[in-house]
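Right, one structure below, let's go through it.
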Amino acid sequence: MPETTELSPQYSPAAIESALYAEWLARGLFTPDPDSGGKPFVVVMPPPNVTDKLHTGHGLNATVQDVIVRFERMRGRDALWLPGTDHAGIATQNVVERLLTKEGTTRFDLGREAFVRRVEAFVAETGSTILVQLQAIGASCDWTRTAYTLSPALSRAVREVFVRLWEEGLIYRGHRVIHWCPRCLTSLSDEEAEHAERDGHLYHIRYPLADGSGHVTVATTRPETMLGDVAVAVNPADQEKQRFVGRMVTLPIAEIAIPIIADEGVELGFGTGFLKITPAHDPDDFEIGRRHGLPAPVILAPDATLGDASLEGKAGGRVPPELFGMDRFEARRVMVEQLKQLKLLEKIEPHRHAIRHCYRCDTIVEPRLSDQWFVKMKPFADDALRAHREGQVRFIPERRGDEFNQWLENIRDWNISRQLWWGHRIPVWYCDACRTSKAYREDPKACERCAGPLRQDEDVLDTWFSSWLWPFSTLGWPEQTADLARYYPTDVLVTAPEILFFWVARMIFAGMHFMGRMPFHTVYLHGTVRDTQHRKMSKSLGNGIDPLDVVRLYGADALRFTVTNGLAVGTDIILDPNDLEASFASGRNFANKLWNVGRLVLGHVEGMSADDRRLWTVDSRQSATNSTLSLADRWILSKLDRCVRETTEHLERFRLNDATGTPYHFLWDDFADWYLEAIKPRLYGEEEGGEVARAVAAHCFDTVLRLLHPVMPFITEALHRRLEGGADATIVTGPWPAPGGREDPVAEQHFAFVQATVDAVRAIRADANVKPNQAVAASIAVAEAWQRTALEAEHSMIARLARISSLDHAPSAGPGAHAVLPGGASLFVALGDAIDVGRECARLGEELARLEKQLAALDAKLANEKFLAKAPPEVVATEREKKASWTEKTSVLRAKLKSLGCA
RNA sequence: GGGCGAAUAGCUCAGCUGGUCCAGAGCGCCUGCCUUACACGCAGGAUGUCGGGGGUUCGAAUCCCUCUUCGCCCACCA
């Protein structure tokens with residue numbers, strides 16, 4: 001910030017933020033320095049999708065990481081926050097396909113190679129959008145290490161991992177029913193097919209017995225799949241149905257005969273007891289079919305239309321011509337109608353059940369029999385469970401660790417192949433001549449055995465198969481790089497709970513397996529950003545908040561403050577997209593407050609040398625004795641020490657709301673509201689001790705700027721530079737404040753007495769409607785010598801509100817208002833004609849009544865022998881002291897009431 | 001269906017290891033102030049059966065049980 005610019009009364013973030021960020025980058029402050037002597041502190045950013053634009057979720061996620069990273073950087077750690085993006089197979093392919101649709105073409109028209117080039121061009125153009133946006137909110141990433149899951153380096157890691165797992169026998173080709181998205185035209189992992197409860201129907205359909213002796217009734221939610229039925233099953237324990245086993249039924253519409261079999265997979269008591277078996281389109285049915293050696297005809301095409309051309313001749317005959325090519329839901333409607341005509345539809349029941357949806361396009365997924373590549377998960381899960389049990393990784397909040405365990409215990413093999421074009425192509429080659437297949441680190445030229453031609457697997461890998469390597473692939477693995485040696489394992493992973501299984505768990509798998517060590521010791525899972533109706537913010541609902549709008553309106557610091565301040569461990573954060581001002585006012589207001597405190601302090605200390613500023617406060621305790629420090633000085637330094645200690649503890653425990661709230665309240669409630677007011681006479685030369693006051697104020701301000709820097713990096717840096725008087729100064733690299741051994745309970749007690757006195761005078765003035773410029777006289781009866789000392793020390797605080805006529809007695813005669821002060825002291829404010837005796841009586845009466853009620857409760861407590869016997873002695877002692885003090889207060893109040901002549 | 005969490009001021013939430021912070025904050029609201037850093041401010045103020053019921057304890061917003069409501073995670077009853 002140019003020195004010539006006067007600080008305006010209203011903070012304007014836009015004027016400084018982007019310039020400061022550019023300077024930070026130019027000076028390389030976010031790039032770690034292995035020679036710094038600091039122990040590494042590493043955070044890897046959850047890579048946003050290359051197609052992403054910054055939304056509030058990213059904003060929250062990045063803010064949390066930045067707060068933690070900046071804190072550790074200031075503490076002297078060699079901090080590395082490694083950013084990057086994810087190629088996001090399905091999501092990105094979808095985006096580009098939509099573009100092609102607009103252009104009136106398709107990826108199939110383009111062909112695979114051209115399509116991939118097209119996506120690459122798209123990514124090159126827009127892929128770093130979100131990273132640039134992250135800079136606008138102040139993210140202190142080391143951009144020189146920016147990674148990308150589909151870069152050559154990371155692709156190499158992916159390939160190495162695939163081949164190693166292949167060699168270890170942990171990758172296999174499976175023929176089974178997987179989740180298939182008919183819109184994305186790819187298989188999905190179990191995690192990618194999300195459950196959602198929907199109201200559906202249970203269709204009861206009669207299958208006539210082949211011998212014409214009646215029928216059996218099956219119940220299904222997906223009638224269209226009946227064309228793929230190969231049997232009807234009953235539970236072997238179902239006595240009354242045993243007579244059907246071995247007989248044949250005629251499958252309606254397809255008009256083919258299928259057997260009735262017995263299998264324990266049929267749930268007793270559900271539906272009709274007769275289960276239609278569709279091996280190709282239901283995972284359970286597939287297992288049952290296999291047990292009985294039944295065929296598994298596929299009757300749905302990849303796009304979920306009826307009839308699969310690839311199976312024509314085998315399965316095609318099952319699909320009548322009028323249904324062939326019909327969409328699954330249309331077919332359902334038509335077939336239900338046909339069954340009605342045939343009098344084979346017994347009934348339709350409403351039925352609520354969970355349906356799986358594609359996590360990328362929300363289309364209802366179709367279970368589908370196909371060949372896919374799988375990774376065996378059991379060995380990984382066992383290692384992870386053990387490591388978690390041993391405490392090698394902890395989750396915040398803890399309950400997420402329980403979810404983690406639960407998932408591990410029920411883990412199933414991971415389907416890693418996707419029928420897409422965008423991604424890492426599976427490095428498996430087939431030799432049709434030898435009928436062999438093998439995974440290769442380098443592209444092979446020909447079959448090793450027969451030298452015949454090879455063809456590569458057409459599929460690509462699940463996007464998460466590259467991101468699960470993120471904590472070490474980004475550091476150069478499989479090369480044994482210096483980065484890898486120094487910065488692995490990382491420290492803290494910060495992400496949203498939604499991807500605990502997709503990503504976090506699998507990173508733990510990969511880290512344990514390939515590096516032999518947990519990739520991070522702490523997983524901090526923050527809440528979700530929601531609107532006032534507690535709905536997740538999303539593009540489709542249109543209830544999102546653009547963080548950049550907030551930055552433009554109120555500044556990045558205000559955004560970060562608001563988000564952090566509202567972030568209790570394990571809770572969601574609620575913001576109102578329809579009222580940005582209400583949502584972010586607290587952050588904006590606080591930034592403005594900080595700015596103005598800066599204006600006042602800087603106005604008095606700018607130009608003061610750092611040595612002068614530190615002389616009184618930072619050096620040994622002796623350098624600033626109680627005789628040179630005023631009561632207010634000692635009080636604020638005590639408060640400051642506590643603030644430093646607590647803020648540090650909160651950050652260490654990831655209690656971000658408290659880590660923000662603590663310096664907030666210190667700055668506003670203690671420093672601005674009381675200390676600055678207390679020292680104004682000294683600052684303006686009306687009293688002695690200006691130098692000390694300036695030094696203490698500067699020290700407190702400097703310290704609180706540091707404490708706030710992780711949360712509000714821009715404004716704190718701007719003010720810090722002013723304070724240091726140089727543009728080359730920076731707060732980014734610390735140091736982080738340490739407590740100065742100045743916690744001082746006595747000073748706190750004494751100053752609290754002054755505050756109580758000031759509050760009492762203010763309350764009386766306000767209650768009596770005394771105009772601000774109207775003078776009143778007050779007298780105080782102190783009960784102990786230190787109270788007099790305290791009031792004399794900070795007499796100017798009260799002098800502004802009332803002229804003190806005496807510290808020895810508070811007259812009980814004359815028109816005025818009384819108040820009871822702590823420690824047996826009392827206050828009288830003479831109000832002349834302003835006093836309303838009736839009102840004063842009421843006020844004191846209420847106070848007395850309240851006190852008496854409390855006293856009665858306390859008496860009962862102290863009369864309770866069980867309490868005396870069982871409560872800890874110190875608690876009993878405290879209660880006794882309270883009784884003495886309250887009793888005195890009541891007698892004082894009674895005397896006041898009497899003197900006022902109240903009824 | 002299984003597991004878990006939460007219910008505190010009009011709104012959004014603190015209240016971490018049961019004993020006054022007579023139950024707190026921010027926003028909003030009411031009153032008075034443009035007091036020489038700040039009206040994005042200052043001072044004063046109102047508002048709560050701490051979801052309902054029961055229990056443990058000398059003592060419960062805080063621990064236990066139960067009911068109600070909301071939320072999260074998991075799930076192959078067609």
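Residue numbering restarts at 1 for every chain, and letters A, B, ... go by the order of the sequence lines. Bear in mind the structure is a predicted one, so any value in this text is a computation, not a measurement.
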Problem set entry | Nearest-Å distance once atom P is located in both U69(B) and G26(B) | 35 Å
For this session: May I have the distance from L580(A) (atom CG) to C27(B) (atom P), rounded to whole angstrom?
Result: 17 Å
Exercise. At what distance, to the nearest 0.5 angstrom, does CE of M537(A) lie from CG of L575(A)?
Worked result: 5.0 Å
For this session: Step by step, work out the salt bridge (charged side-chain N to carboxylate O under 4.0 Å, His left out) result for R399(A) and D402(A).
Result: CA-CA 5 Å; R399(A) 65 190 163 88; D402(A) 299 335; over 6 Å; no
Seminar exercise, completed: Rounded to the nearest 0.5 Å, the CZ atom of F714(A) sits from the OH atom of Y11(A) at a distance of 8.0 Å
Problem set entry | Whichever of H650(A) and I574(A) has its nearest RNA chain B nucleotide further upstream toward 5' | I574(A)
Exercise. How is D759(A) classified with respect to the nucleic acid when contacts are heavy atoms under 4.0 Å: base, sugar-phosphate, or nothing?
Worked result: sugar-phosphate
Exercise. Which letters describe nucleotides 69-78 of chain B, given B = protein heavy atom under 4.0 Å from base, S = only from sugar-phosphate, - = neither?
Worked result: ---SSSBBBB
For this session: Quick one: pull up CG in L651(A) and OG1 in T647(A) and give me the separation to the nearest 0.5 Å.
Result: 7.0 Å
For this session: Using the six-membered ring of F274(A), assess whether NZ or CZ of K241(A) lies under 6.0 Å from its centre and within 45 degrees of the ring axis.
Result: yes
Exercise. How would you list, by chain and number, every residue that makes a side chain to side chain contact (heavy atoms under 4.5 Å, CB included) with P367(A), sequence neighbours excluded?
Worked result: V177(A), R222(A), P283(A)
For this session: Would you please name every residue forming a side chain to side chain contact (heavy atoms under 4.5 Å, CB included) with N235(A), sequence neighbours left out?
Result: A237(A), D238(A), V266(A), L268(A)
For this session: Taking atom C1' in both C16(B) and C30(B), compute the distance separating them and give it to the nearest angstrom.
Result: 35 Å
For this session: For nucleotides A37(B) and U31(B), find the distance between their C1' atoms and express it as a whole number of Å.
Result: 25 Å
Exercise. Do the side-chain N and O atoms of H281(A) and E366(A) include a donor-acceptor pair separated by under 3.5 angstrom?
Worked result: no
Problem set entry | Qualifying residue, where the test is side chain to side chain contact (heavy atoms under 4.5 Å, CB included) with D229(A) and the options are T220(A), V218(A), T278(A) | T278(A)
Problem set entry | Sugar-phosphate, base or nothing in reach of R762(A), heavy atoms under 4.0 Å | sugar-phosphate
For this session: Please work out if Y664(A) contacts a base, only the sugar-phosphate, or nothing of the nucleic acid, heavy-atom cut-off 4.0 Å.
Result: sugar-phosphate
For this session: Runs of at least three consecutive Watson-Crick or G-U pairs, both distances under 3.5 Å, are what I'm after; which ones involve RNA chain B?
Result: B:1-7 with B:68-74, B:10-13 with B:24-27, B:29-33 with B:41-45, B:51-55 with B:63-67
Exercise. Using the P atom in both, what is the distance from G53(B) to U12(B), to the nearest Å?
Worked result: 23 Å
Problem set entry | Value in whole Å for how far the C1' atom of G44(B) lies from CG of L801(A) | 12 Å
For this session: Anything under 30° is parallel, anything over 60° is perpendicular, the rest tilted; go ahead and classify W668(A) against F590(A).
Result: parallel
Problem set entry | Sugar-phosphate, base or nothing in reach of P367(A), heavy atoms under 4.0 Å | nothing
For this session: Identify, with sequence neighbours excluded, every residue that meets ring pair (Phe, Tyr, Trp, His ring centres under 6.0 Å) alongside W674(A).
Result: none
Please tabulate, one pair per line, each protein N/O and nucleotide N/O from nucleotides 33-38 of chain B that are separated by under 3.5 Å, including the distance.
from	atom 1	to	atom 2	distance (Å)
A37(B)	OP2	Y684(A)	OH	2.3
A37(B)	O2'	N596(A)	OD1	2.4
A37(B)	O2'	R599(A)	NH1	2.8
A37(B)	N7	K680(A)	NZ	3.4
A37(B)	N6	A672(A)	O	3.4
A37(B)	N6	E677(A)	OE2	3.1
A37(B)	N3	N596(A)	O	3.3
C38(B)	O4'	N596(A)	OD1	2.9
C38(B)	O4'	N596(A)	ND2	3.4
C38(B)	O2'	N592(A)	OD1	3.2
C38(B)	O2	K593(A)	NZ	3.0
C38(B)	N3	K593(A)	NZ	2.7

Exercise. Hey, does A585(A) reach any base, or is it just sugar-phosphate, or nothing, if we go heavy atoms under 4.0 Å?
Worked result: nothing
Exercise. Does the pair F404(A) and F501(A) meet the rule for a ring pair (Phe, Tyr, Trp, His ring centres under 6.0 Å), with working shown?
Worked result: CA-CA 7 Å; F404(A) 176 72; F501(A) 307 131; 7.7 Å; no
